[in-house]
Amino acid sequence: GAGVSQSPRYKVAKRGQDVALRCDPISGHVSLFWYQQALGQGPEFLTYFQNEAQLDKSGLPSDRFFAERPEGSVSTLKIQRTQQEDSAVYLCASSKDRGGNQPQHFGDGTRLSIL
Amino acid sequence: QKEVEQNSGPLSVPEGAIASLNCTYSDRVSQSFFWYRQYSGKSPELIMSIYSNGDKEDGRFTAQLNKASQYVSLLIRDSQPSDSATYLCAVAGSGGSNYKLTFGKGTLLTVNP
């Protein structure tokens with residue numbers, strides 16, 4: 001596809017359940033990012049991949065959050081033992097090359113609601 | 001903690017007017033700055049990037065950067081109702097973390113017909 005694709009668009013889970021969110025970046029994009037956006041806030045950085053290597057995971061809120069990109073394309077963000085404070089929109093973005101100072105292109109996000 | 005500050009608004013302008021959106025940032029050595037537009041329930045859409053001091057124009061949009069004042073702005077000329085959205089200012093980190101974007105909370109713009 002032409003843009004970043006995320007699935008599912010909406011996810012409702014009960015507290016304590018595990019969830020997995022998928023991101024399919026723009027074809028050929030080397031860099032992939034996950035962000036968390038709370039209502040009324042700007043996106044906040046979670047983690048960064050360059051190809052299959054996770055170079056920065058400093059923004060992950062706790063060890064319940066785990067992200068992977070095993071083949072350097074599709075990425076999955078997994079949240080274990082979900083809590084109500086995990087409710088947010090999770091955005092994936094990709095950029096063409098490695099390194100920074102480059103525009104990042106966002107998917108439509110997954111809206112996660114924890115009951 | 002690197003910070004990016006924006007007026008949350010809402011900023012209301014009449015159709016055809018100039019909308020002026022402002023952003024300040026705390027990391028003095030940041031080099032890259034981006035404006036994103038986000039419609040309700042949609043993803044942030046990149047509309048401008050700016051890397052050097054001065055003005056950069058693209059159609060009805062002009063980004064202005066003043067690194068000495070740590071200030072970046074976005075002007076929208078001939079505002080249209082379709083421009084009504086939240087505008088996010090994003091600043092890239094410096095040095096080895098220049099891939100990491102820090103966003104402001106966004107300014108809600110309403111263009112009234």
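Throughout, a chain's letter reflects where its sequence line sits, starting with A, and its residues are numbered from 1.
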- Query: A/Gln102 versus B/Ser49: any side-chain heavy-atom pair under 4.5 Å?
  - Reply: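 Sidechains of B/Ser49 and A/Gln102: no contact.
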- For the residue pair B/Tyr99 and A/Ser31, establish whether any side-chain heavy-atom pair is separated by less than 4.5 Å.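 No, side chains not in contact.
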- Task: Look at B/Glu45, B/Lys42, B/Gln38, B/Gln6 and state which one has the largest set of heavy-atom pairs under 4.5 Å with chain A.
- Result: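 Most pairs with chain A among the choices: B/Gln38.
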- Item | Heavy-atom pair count under 4.5 Å with chain A, highest-scoring of B/Gly106, B/Ala90, B/Pro44, B/Ala92 |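 Between B/Gly106, B/Ala90, B/Pro44, B/Ala92, the count favours B/Pro44.
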Using the rule that Ile, Leu, Val, Met, Phe, Trp and Tyr join whenever any side-chain heavy atoms are under 4.5 Å apart, tell me whether [X] and [Y] fall into a single cluster.
| X | Y | result |
| --- | --- | --- |
| A/Tyr48 | A/Leu77 | no |
| B/Tyr51 | B/Phe103 | yes |
| A/Tyr90 | A/Ile26 | no |
| B/Val13 | B/Leu21 | yes |
| B/Tyr87 | B/Tyr25 | yes |

Does atom [atom1] of [X] have more than 12 heavy-atom neighbours from other groups under 6.0 Å away?
| X | atom1 | answer |
| --- | --- | --- |
| B/Lys100 | NZ | yes |
| A/Leu115 | CG | yes |
| A/Glu71 | CD | no |

Tell me the closest heavy-atom pair linking [X] and [Y], and the distance in Å.
| X | Y | result |
| --- | --- | --- |
| B/Leu101 | A/Tyr35 | CB-OH, 3.4 Å |
| A/Gly42 | B/Leu88 | CA-CD2, 4.1 Å |
| A/Gly107 | B/Ser43 | O-CB, 2.6 Å |
| A/Arg9 | B/Gly41 | NH2-O, 3.7 Å |

- Task: Indicate, with yes or no, if the rings of B/Tyr36 and A/Phe106 have centres closer together than 6.0 Å.
- Result: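 They qualify: ring centres under 6.0 Å apart.
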- Task: Go through A/Asp108, A/Val4, A/Val89 and name the one with the most non-hydrogen pairs under 4.5 angstrom from chain B.
- Result: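 Maximum pair count with chain B is reached by A/Asp108.
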- Segment of A/Gln37 engaging chain B (4.5 angstrom heavy-atom cut-off):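 Contact with chain B involves the side chain of A/Gln37 alone.
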